[in-house]
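Data block below; observations after.
Numbers here simply count residues along the sequence, with the first being 1.
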Amino acid sequence: MTDKTADKTDYRATLNLTETPFPMRGDLPKREPGWVKQWEDEGLYKKLRAARCGHEKFVLHDGPPYANGQIHMGHAVNKILKDMIVKARQLKGMDAAYIPGWDCHGLPIENAIEKLHGRNLPRDEMQAKSRAYATEQIALQMGDFKRLGVLGDWDHPYRTMDFVNEAQEIRAFKRVIERGFVYRGLKPVYWCFDCGSSLAEFEIEYADKKSQTLDVGFAADEPWKVVTAFGLTTEAPPKPIYAVIWTTTAWTIPANQALNLNPELEYSLVDTPRGMLILAATLVEKCLERYKLEGRVLATVKGQALGGINFRHPLYDVDPGYKRLSPVYLADYATADDGTGIVHSSPAYGLDDFNSCVSNGMAYDDILNPVQGNGSYAADFPLFGGLNIWKAVPRIIEVLSQSDRLFATETITHSYPHCWRHKSPVIYRAAAQWFIRMDEGVGVFTKDKAPKTLRQTALEAIEETNFYPENGRARLRDMIAGRPDWCISRQRSWGVPLPFFLHKDSGELHPKTMEILDIAADMVEAGGIEAWSKASTEEIFARAGVAADAPQYTKSTDILEVWFDSGTTHTTVLKHSHAGSGHENGPEADLYLEGHDQHRGWFHSSLLTACAMYGRAPYRSLLTHGFTVDSKGIKMSKSLGNGIEPQEINKKLGAEIVRLWVAASDYSGDIAGDDKILARVVDAYRRIRNTLRFLMANVSDFDPAKDAVPLEQMLEIDRYALSRAAQFQAEVLAHYEVYEFHPVVAKLQVYCSEDLGAFYLDILKDRLYTTAPKSLARRSAQTALWTITHAMLRWMAPFLSFTAEEAWKIFGTSESIFFETYSELGAPDAALMEKWAKIRTARELVNKEIESLREGGQVGSSLQANVELTVPLQAHGDLWEALVSLGDDAKFVFITSKFAIDAGDTLAVKVTPSEATKCERCWHWRDDVGSDDAHPAICGRCTSNLFGAGEDRKFA
């Protein structure tokens with residue numbers, strides 16, 4: 001352009017309006033799959049590992065999702081959180097490996113196979129079909145996890161059903177035996193009829209259940225002992241005497257074998273028209289009201305006086321099969337909180353009942369256990385043989401009523417244990433099972449006895465673990481403190497075997513059990529659990545050198561419960577199948593991360609197995625997140641239809657929106673999501689993307705190698721912007737260090753909208769667009785923008801991974817943003833930060849006054865305003881100095897055509913419309929518009945920037 005150009009010049013064409021191939025619209029659903037494919041085709045994860053080889057390791061051990069069914073939003077939240085943490089550590093410069101895993105054994109898969117192929121499949125067929133099914137499910141879930149942008153070693157995940165992991169689990173089990181924690185015992189354990197197996201505490205949840213309460217009378221077999229105990233006449237009483245019990249489990253009455261009274265509780269003998277009733281003294285009035293009886297208390301004694309007295313089973317006179325006595329045992333767990341104060345005891349179906357009866361001399365063989373694994377009484381059981389226990393309740397009530405032993409019954413709704421998987425009610429049922437001992441005792445084949453009990457060791461390990469959030473510590477501590485021994489055996493097919501042989505007569509383990517465990521592990525490592533299942537006792541004993549013993553022993557068909565599978569991955573995976581990703585000096589992972597329900601699940605079982613094997617926790621830190629819920633706080637559920645599915649959101653909005661939603665949510669509580677919430681997330685994404693696009697567009701003609709301006713030569717506001725970026729980065733990295741993302745997302749939005757959009761970039765536009773392309777003023781601004789863009793891409797990369805990578809392909813130099821580390825921004829300039837904080841406060845005050853004139857139609861934009869700011873020197877001397885130091889650049893900071901500062905008594909702003917002419921190029925209102933006859937439509941500043949030496953900028 002020459003100085004003779006006509007005044008019809010298109011001055012917009014003279015502005016530095018640079019472009020970027022980074023589009024305004026993300027078009028995420030269409031473009032994201034391409035990034036996933038590119039990462040996979042180029043082997044990005046493998047290259048990232050090579051790039052960080054030798055660096056400090058960070059191990060987030062993946063809690064394995066179960067290989068059954070399509071992933072839901074809860075899975076997505078979990079995997080995205082893990083991915084964000086790993087990427088944040090990767091960008092910190094650490095070797096942050098991520099090995100995804102799957103839990104493959106267990107009942108849900110067996111159930112799926114039974115639905116497809118029928119029940120009672122041969123063991124070999126069940127195992128083969130289960131392995132194939134799990135393999136298919138893993139492939140489907142893996143595809144969904146990849147689609148979410150999760151980077152990991154998808155080519156080499158761990159699966160609990162891999163032969164090496166199955167074998168190492170047996171070896172881990174052997175170590176637990178050596179440490180003295182394993183024993184076999186008859187105990188009531190949770191039993192699910194749908195599972196057909198025992199359950200661990202981890203597999204129980206509580207839900208409401210309707211039950212029939214029963215008040216049942218047990219007639220005294222020795223009535224004279226009763227009246228004597230109450231200090232009454234020794235003559236035979238004129239009426240029958242009943243010890244009345246109250247229960248919510250009518251189905252246990254037929255198996256009753258004792259009564260329990262509290263030795264320190266007072267019991268009364270009450271005379272009523274139906275006989276003389278023994279009831280807790282404090283409950284007499286309530287009980288008589290319930291029975292619709294009048295009564296008179298004859299005497300009261302403590303329960304201790306009634307110990308050892310025999311009563312008759314309530315069906316004693318109904319069927320010969322019930323002609324047995326129920327002795328009174330004294331037990332603290334009988335209370336007067338409700339009922340009658342007397343607890344009927346069926347030792348096969350209650351842990352307290354079992355312990356009471358056994359401690360009073362009842363032999364295991366004498367314990368009645370008529371309920372079968374399928375939930376029905378044994379076929380030959382008197383009166384109720386073959387009936388399902390729940391369906392038998394009306395019949396039991398009918399028989400008790402007909403025999404005049406039923407005093408009252410009503411329906412109640414109460415909290416009751418249910419199977420975690422089937423959501424069906426469970427019972428306690430006595431069965432010979434294998435347990436891991438929590439407290440003191442002698443284990444089988446102890447070789448290296450642990451110095452402390454498992455409970456003590458686990459409680460100490462909890463205190464040495466970091467918890468995010470901290471309240472998880474108390475939750476896990478309480479569970480460990482009160483839990484019973486861990487039942488680890490299951491009566492199923494699809495799982496790692498308990499490789500035991502029991503003597504047919506004595507029930508004892510073979511003396512060479514530990515050698516047999518080694519043989520089992522070797523066989524499984526070579527051919528999977530199927531190899532062990534197919535091998536005969538004779539074959540295995542021959543390998544152990546004890547072939548002659550084979551006829552005397554029975555091969556156990558029990559398997560280890562699935563929580564032992566996942567609970568030992570700290571060893572089977574981190575120290576064996578994927579040892580390269582673990583610490584060489586021990587099994588601890590830096591972090592375990594799962595939903596808060598895993599305090600009773602994976603966190604719990606992993607803690608117990610590691611403490612049993614090594615005497616310490618397998619993790620340094622535990623992080624828990626909440627459940628996904630709808631906007632009303634109701635847990636997302638397919639049956640309720642209130643969920644949002646990740647697959648649908650990916651297709652509609654893009655996985656990046658799911659990732660941003662997860663990052664923006666406070667995962668320490670439940671995570672709410674619905675279409676309206678996601679719409680807000682989309683808006684937040686657009687604001688961040690548009691800011692990023694502006695930054696990239698305005699450095700598109702900037703080559704840092706040639707154009708970067710040294711810090712000391714940069715304009716002051718640019719140096720301030722870098723200081724603010726450094727300050728912001730420190731905040732971001734502090735949040736990342738403690739696994740916090742929602743404050744980062746919230747602050748990033750504020751940073752983009754207020755620090756950049758409403759302040760720095762707003763001020764910068766004039767300098768970027770109107771100064772000479774290669775001027776110091778513009779290059780200084782571009783240096784700051786280039787640095788901020790680099791930093792920002794790294795800040796957002798852990799959660800906006802697709803967007804950061806897309807931008808990096810245009811803006812960066814290396815193959816991927818994830819090869820980078822956080823920018824070196826140095827420490828913020830404290831004095832500069834303080835000065836510009838005051839200027840920003842003044843700017844907000846001025847903008848408020850300008851906006852008042854805009855609303856009144858007196859000015860069109862802030863550039864049409866002339867501003868006079870009065871500052872009281874005594875109260876705001878530091879503000880005065882800050883503003884005065886800007887000199888003529890103050891008008892650029894306040895985006896006005898004129899800015900003046902005066903001293904006065906109060907802080908005040910005076911805004912008047914400019915009477916000057918508007919420059920068609922820079923839009924400033926200036927008196928020198930038209931000072932160049934060749935360009936009458938533009939101001940002297942623009943003339944200088946276009947044809948002369950260019951204006952001098954120092955501050956803004």
Side-chain angles (χ1 to χ4, degrees), residues 18-52 80 83-84 86-93 96 98 146-152 154 650 653-660 663 682 685-708 725 729 732 748 752 756 782-824:
T18 50
E19 287 295 332
T20 173
F22 185 74
M24 184 178 294
R25 290 178 57 84
D27 208 8
L28 299 173
K30 292 182 180 178
R31 302 182 68 203
E32 286 171 346
W35 289 110
V36 172
K37 186 176 187 303
Q38 184 175 332
W39 287 341
E40 194 165 8
D41 291 347
E42 294 176 355
L44 176 62
Y45 179 81
K46 186 176 181 180
K47 292 178 181 178
L48 291 174
R49 296 283 58 74
R52 291 290 187 269
I80 289 170
D83 185 58
M84 293 191 303
V86 170
K87 284 172 177 171
R89 287 301 194 268
Q90 175 82 13
L91 286 158
K92 187 182 176 183
Y98 177 61
K146 289 180 182 179
R147 177 65 185 84
L148 292 170
V150 178
L151 285 177
W154 298 110
N650 292 346
L653 302 175
E656 198 79 319
I657 302 305
V658 181
R659 295 182 65 92
L660 185 56
V682 170
Y685 174 78
R686 286 173 180 158
R687 287 194 294 271
I688 294 172
R689 186 180 182 94
N690 287 342
T691 302
L692 181 59
R693 186 173 185 273
F694 180 92
L695 294 171
M696 293 177 65
N698 281 283
V699 293
S700 60
D701 64 337
F702 178 79
D703 181 350
K706 297 184 300 181
D707 303 328
Q729 176 165 283
V732 168
L748 181 60
C752 287
L756 295 180
Q782 288 183 308
T783 302
L785 293 185
W786 185 87
T787 305
I788 290 170
T789 307
H790 264 278
M792 183 172 166
L793 286 175
R794 290 157 170 80
W795 303 335
M796 60 190 272
F799 52 92
L800 291 178
S801 297
F802 290 115
T803 305
E805 189 77 320
E806 177 189 1
W808 188 255
K809 292 295 182 182
I810 299 166
F811 180 75
T813 53
S814 61
E815 183 178 346
S816 169
I817 183 67
F818 300 110
F819 286 109
E820 302 302 310
T821 56
Y822 297 117
S823 299
E824 295 290 339

| Flag, side chain of Lys146 to backbone of Glu40, donor-acceptor distance under 3.5 Å | no
| request: Look only at the side chain of Arg794 and the backbone of Ile817, and say whether a donor-acceptor pair between them is shorter than 3.5 Å. | output: no
| task | For Tyr45 and Gly152, work out which heavy atoms get closest and say how close. | result | CG-O, 3.4 Å
| query | Is there side-chain contact between Phe811 and Leu695, with at least one heavy-atom pair below 4.5 Å? | reply | no
| request: Compare every heavy atom of Ser801 with every heavy atom of Lys87, then report the nearest pair and how far apart it is. | output: NZ-OG, 2.8 Å
| message | Would you say that Thr789 contacts Leu692 through its side chain, given a criterion of any heavy-atom pair below 4.5 Å between the two side chains? | response | yes
| request: For residues Arg31 and Pro23, determine if any side-chain heavy atom of one lies less than 4.5 Å from a side-chain heavy atom of the other. | output: yes
| message | Donor-acceptor check, side chain of Thr803 to backbone of Leu800, threshold 3.5 angstrom: yes or no? | response | no
| request: Answer yes or no: is there a donor N or O on one side and an acceptor on the other, between the side chain of Asp83 and the main chain of Leu151, under 3.5 Å? | output: yes
| field | Polar side-chain atom of Glu656 near backbone of Phe802 as donor-acceptor pair, under 3.5 Å | value | yes
| Hey, what do you get for CG (Leu660) to CE (Met796), rounding to the nearest 0.5 Å? | 9.0 Å
| message | What I'd like to find out is whether the side chain of Trp808 reaches to under 4.5 Å of the side chain of Ser814, using heavy atoms alone. | response | yes
| Test: Arg687 cationic atom under 6.0 Å from Tyr685 six-membered ring centre, within 45° of axis | no
| Exercise: do Ser816 and Trp39 side chains pair donor with acceptor under 3.5 Å | no
| said: Please find the pair of heavy atoms, one from Ala797 and one from Ala804, that lie closest to each other, and give the distance. | reply: CA-CB, 3.7 Å
| task | Kindly write out the residues that satisfy side-chain contact (heavy atoms from CB on, under 4.5 Å) with Arg693, not counting sequence neighbours, or none if the list is empty. | result | Glu19, Thr20, Phe22, Met24
| remark: In this structure, CG of Leu793 is separated from CD1 of Ile810 (nearest 0.5 Å) by 10.0 Å
| task | Flag the pair Arg49 / Arg52 as yes when at least one side-chain heavy-atom distance between them is below 4.5 Å, and no otherwise. | result | yes
| said: Go through it in stages, so that I can follow the logic: the residues are Leu48 and Gln90, the test is side chain to side chain contact (heavy atoms under 4.5 Å, CB included), and I'd like the CA-CA distance, side-chain angles, deciding distance and then a yes or no. | reply: CA-CA 9 Å; Leu48 291 174; Gln90 175 82 13; 3.8 Å; yes
| query | Does some side-chain heavy atom of Thr821 sit less than 4.5 Å from a side-chain heavy atom of Leu91? | reply | no
| query | When rounded to the nearest 0.5 angstrom, what is the spacing between CG in Leu148 and CD1 in Ile80? | reply | 4.5 Å
| Considering all heavy atoms, the nearest Asn698-Asp701 contact | O-OD1, 4.4 Å
| Beyond-backbone contact of Arg25 with Arg689, side-chain heavy atoms, under 4.5 angstrom | no
| note | dist Phe702:CZ -> Thr783:OG1 (nearest 0.5 Å) comes out at 3.5 Å
| query | Can you tell me how far the CG atom of Asn650 sits from the CD1 atom of Ile657, to the nearest 0.5 Å? | reply | 10.5 Å
| task | Determine, for Glu42 against Lys47, whether the closest basic-nitrogen to carboxylate-oxygen distance falls under 4.0 angstrom. | result | no
| Between Trp795 and Gln729, do the side chains contain an N or O donor and an N or O acceptor separated by less than 3.5 Å? | yes
| note | Of all heavy-atom pairs linking Gly654 and Pro29, the shortest is N-CG, 3.7 Å
| task | Let me see the working for Leu28 and Leu653 under side chain to side chain contact (heavy atoms under 4.5 Å, CB included), right down to the final yes or no. | result | CA-CA 7 Å; Leu28 299 173; Leu653 302 175; over 6 Å; no
| Are any of the side-chain heavy atoms of Phe819 and Thr813 separated by less than 4.5 Å? | no
